[in-house]
Amino acid sequence: MGLKKITSKVFYYPHQPETDRPMLAYLKGDKIVLAIDAGNSADHVDEFYKSLKIEGLKKPDFTVITHWHWDHTFGMHKIHGLSIAHHKTNEFLKQERAKLSDSAYTKFLINDDECLSREYADNKRIIVVPSDIQFEKELTINLGGITAKIFHTVSPHSEDTVLIYIPEERILFLGDSTSEDFFNDDYMDREKLRTLINLIESIDCKYCILSHTEPLAKSDLLDYLKSILK
Ligand SMILES: [Zn+2]
């Protein structure tokens, strides 16, 4: 499996359902390279960076996190450059790190999640760290030629949801934001989903990119999300 290209400045390393690895994005500015999500382990980060090397691309300067869930953050300790996360993401990550100091909790995670148990087979260690850089509401980074508009939003999936919009390329990265809340019996908060749908509609984008599927056209995603509300 290799890196895929969406535009001349936007690439992604595809998601891997077997171990719940999300898609990892690569935004190639003229000055700064920004990756989206750190992946679910050190191995995931290594594999992503290997795919960059094959394409002759440098490692990211920054990596922004879409939300705190393990599959998006447990690789944070292994990334090149600095990580960026919303303050709520860091709160969750610090709680997770504290819980992991108890080996019973590690065992619980492995028993509870087949994908995690496959990723962390052979006693690979789970390492959780908060981000280097933290923001409250939004953060805009001029990457050189393209801009990353990073902002917190309401989502049925997690309280700390962050979206990344690249206006020049008309691409919106949504993480897992459109999914139900796996930590609350898969509860789908319809009001939150409605708010998120309205937000997506208001953004001028061609592609909507979710973490665990291939890139979607905006209209296809909206049709699907509206069908949930029917
Ligand atoms: Zn998630």
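Values reported hereafter were calculated over all heavy atoms of this structure, with side chains retained and with hydrogens, waters and symmetry mates removed. First listed ligand is number 1; within each ligand, the first listed atom is number 1. Bear in mind the structure is a predicted one, so any value in this text is a computation, not a measurement.
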Is His72 close enough that one of its N/O/S atoms sits under 2.8 Å from the Zn ion (ligand 1)?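 Of the N, O and S atoms in His72, none lies under 2.8 Å from the Zn ion (ligand 1), which means no.
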
So, of the N/O/S atoms that [X] has, which is the nearest one to the Zn ion (ligand 1)?
X	result
Asp176	OD2
His69	ND1
His67	NE2

Tell me whether the rings of [X] and [Y] are parallel (<30°), tilted (30 to 60°) or perpendicular (>60°).
X	Y	value
Phe48	Tyr13	tilted
Phe11	Tyr26	perpendicular
His67	His72	tilted

Tell me whether Glu214 is salt-bridged to Lys4, with the criterion being a basic N under 4.0 Å from an acidic carboxylate O.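 Between Lys4 and Glu214 there is a salt bridge, with a charged N closer than 4.0 Å to a carboxylate O.
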
